[in-house]
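In what follows, a structure is listed as C-alpha cells, so that the remarks can point back to it.
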Amino acid sequence: MDVTSADSAAGSSAVKHIAVLTSGGDAPGMNAAIRAVVRKAVYHGLRVSGVKHGYAGLIRGEVESMDLGSVADIIQRGGTKLFTARCKEFETDAGQEQAVRVLRDHAIDALVVIGGDGSFRGARALAHRGVKTIGIPGTIDNDIPCTDYTIGFDTAVNTVIEAIDKIRDTATSHERTYVIEVMGRNAGDIAMIAGLAGGAESILIPESPFDLKMVLEKLKHGVSRGKRHSIILVAEGVGHGMKIGEQIAEQTGWEVRVTVLGHLQRGGSPTAFDRVLASRMGAMAVDLLRAGRTSEMIGVRGSHIVATDIDEALATPRQIDLSVYELAGILSL
Ligand code: ADP
Ligand code: F6P
C-alpha cells in the first residue's frame, strides 16, 4: 500500500510517541538515520525519544527525550550518538517482556530499530508482542535481503579503496604480493565491490568457492606478462588473511605481506550516498509508523525507498550479484 494514502486514510497519525535505537555493529550513517527519524517525527508533531545502548539499554530503561537540537551536528559523524550494543538477554522471553514494559512505562507506542539482521530479529520479536516496529538496515556488511544497500556499506567500501590505493603504492615500489583482509563475516560485498573499484588482482569471497591453486595460476600469469605486484582481497568470511598469505608465500616463494583492515572500516564520516540513504530511510520509517504500519524493514531498490515485511525479509536468502564478481575477475586478468 502507498504510505501517503494509508496515512490520509487513517486521518491522523496512528502513533504519538516514537523511539529510536541502534543495535549490533555500528555503521557510518547511523547518526544521519537517527537525525532523520527525530526531525521527521518532530515535523509531524510527534514526541520522539532515543534509547541508548540498543536492546540492552531498552531493557534497562535508558530512554531520553529528543528534539531538533538533540540531533544537531551529527549528520557528518560516524558511529552512533545513541551508542550500540549486543544483548543476549533480549533474546529471551523475560528480556523482551521487560523491554515491552519499559516502552509502555514511557508511553512509547512505536520503535525504529537501526541495525543488521540480528537486530531485525529483535524488532520482529517486539512486533509480535504488539509494539509497532520498523527496521532500518544499518551495517557495513550489506548482508541484508530486500535492499540493494545497507547504511554504511558505501562508506566502508570507500575506506577500503583508499587503503588499497595506499598499499598499492608500496606494493609497486617493492614489487611484492599483498593480501588485504576486509570485513564481512558472512558476506563478500565489501571485498567484491572494493576489489572491483580498487583493481585487485584477485578477490576471495565466501559466496564463491575458490581453489588457491587457480588463484595462484592467475597471479603467475600476471607475472609472466610483466606484472610486478599483486593485491589479493580476502573477505573475512573466507578465512584469515594471514593464513592465506602464508599459504601463498609457501607455494610460490614470493615475498608476501598481509594487512588486516579491521575496525577502521566501521568508522569515519559517512559518504554523501550513505547520508542521503539514511535520511530517506529514517523519514520513511516515520511515515510508515504514522500510517499504522508495523513489522516491516525499509530498503532501497534502484532509486526507490521500499518497505518489506520483516518475516518475509528474514526468510529471503541474501544473494550477491555474482556477475559483478565475474566482471572483477575479467578486468583484473
Ligand atoms: P546485527 O544487528 O548487526 O546483525 P547482531 O546479530 O549481533 O547484530 O544482533 C544484535 C542484537 O539483536 C543481539 O545482540 C540481540 O540483542 C538481538 N537479536 C539477535 N537475534 C535475535 C533473536 N533471534 N531474537 C531476539 N533478538 C535478537
Ligand atoms: O559490522 C559488521 C561486522 O563488521 C562484521 O563484518 C564483523 O565480523 C563484525 O561486525 C565484527 O564486529 P565486532 O568486533 O563488533 O564483534
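Keep in mind that this is a model prediction, so the values were computed, not measured. Both counts, for ligands and for their atoms, begin at 1 and track the order of listing.
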Closest protein heavy atom (residue, atom, distance) for [atom]:
atom	result
atom 14 (O) of ligand 2	His263 NE2, 2.7 Å
atom 2 (C) of ligand 2	Asp141 OD2, 3.2 Å
atom 11 (C) of ligand 1	Ser23 OG, 3.7 Å
atom 16 (O) of ligand 2	Arg86 NH1, 3.1 Å
atom 7 (O) of ligand 1	Arg86 NE, 2.8 Å
atom 16 (O) of ligand 1	Cys87 O, 2.6 Å
atom 4 (O) of ligand 2	Met183 SD, 2.9 Å
atom 22 (C) of ligand 1	Arg121 CB, 3.5 Å
atom 3 (O) of ligand 1	Gly25 N, 3.5 Å
atom 10 (O) of ligand 2	Arg266 NH1, 2.9 Å

Provide the number and element of each atom of ligand 2 under 4.0 Å from a heavy atom of [X].
X	answer
Glu236	5 (C), 6 (O), 7 (C), 8 (O)
Arg185	6 (O), 8 (O)
Gly184	6 (O)

Inset, instruction - Kindly indicate whether the side chain of Ile190, heavy atoms from C-beta on, has any atom under 4.5 Å from the side chain of Phe153. - result: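 Yes; the side chains approach each other to less than 4.5 Å.
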Inset, instruction - Identify, by atom number and element, the atoms of ligand 1 in contact range of Gln96, meaning under 4.0 Å from any of its heavy atoms. - result: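 Numbered from 1, ligand 1 contributes 25 (C).
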Inset, instruction - Show which atoms of ligand 1 fall inside a sub-4.0 Å distance from at least one heavy-atom site of Tyr55. - result: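 Every atom of ligand 1 under 4.0 Å from some heavy atom of Tyr55: 12 (O), 16 (O), 17 (C).
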Heavy atoms only: which of [options] lies closest to [atom]?
atom	options	result
atom 2 (O) of ligand 1	Ala125, Ser119, Gly24	Ser119
atom 6 (O) of ligand 1	Gly54, Gly118, Gly95, Gly138	Gly118
atom 26 (N) of ligand 1	Gly122, Gly135, Gly116, Ala123	Gly122
atom 24 (N) of ligand 1	Lys88, Glu89, Arg185, Glu91	Glu91

Can you name the closest pair of heavy atoms from [X] and [Y] and give their distance?
X	Y	result
Gly198	Ile164	O-CG2, 3.7 Å
Ala36	Gly282	CB-CA, 3.9 Å
Val102	Val63	CG1-CG2, 4.0 Å

Whether the side chain of [X] engages the backbone of [Y] through a donor-acceptor N/O pair (distance < 3.5 Å, no angle test) should be reported.
X	Y	answer
Glu236	Gly184	yes
Glu181	Gly241	yes
Lys81	Ser70	yes

Inset, instruction - Answer with yes or no whether Thr139 contacts ligand 1, where contact means a heavy atom under 4.0 Å from a ligand atom. - result: no
Legend entry - Among Thr80, Ile75, Val48, side-chain contact (heavy atoms from CB on, under 4.5 Å) partner for Ile34: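 Single side-chain contact (heavy atoms from CB on, under 4.5 Å) partner of Ile34 among Thr80, Ile75, Val48: Thr80.
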Inset, instruction - Among Lys220, Glu175, Arg176, find the residue that satisfies the side-chain contact (heavy atoms from CB on, under 4.5 Å) test when tested with Trp254. - result: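 Going through Lys220, Glu175, Arg176 one by one, the side-chain contact (heavy atoms from CB on, under 4.5 Å) with Trp254 is satisfied by Lys220 alone.
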Inset, instruction - Measure the spacing between CG of Leu277 and CD1 of Ile305 and express it to the nearest 0.5 Å. - result: 5.5 Å
Inset, instruction - Inspect the surroundings of NE2 in His240 and state if more than 12 heavy atoms from other residues, nucleotides or ligands are less than 6.0 Å away. - result: no
Inset, instruction - Go through Ile18 and Arg47 one step at a time and tell me if the side chain to side chain contact (heavy atoms under 4.5 Å, CB included) criterion holds. - result: CA-CA 6 Å; Ile18 294 177; Arg47 274 181 74 194; over 6 Å; no
Inset, instruction - Given side chain to side chain contact (heavy atoms under 4.5 Å, CB included), test Glu62 with Leu21 step by step and report yes or no. - result: CA-CA 10 Å; Glu62 294 180 30; Leu21 62 77; over 6 Å; no
Inset, instruction - Answer side chain, backbone, both or neither: which part of Arg124 comes under 4.0 Å from ligand 1, heavy atoms only. - result: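 Neither part.
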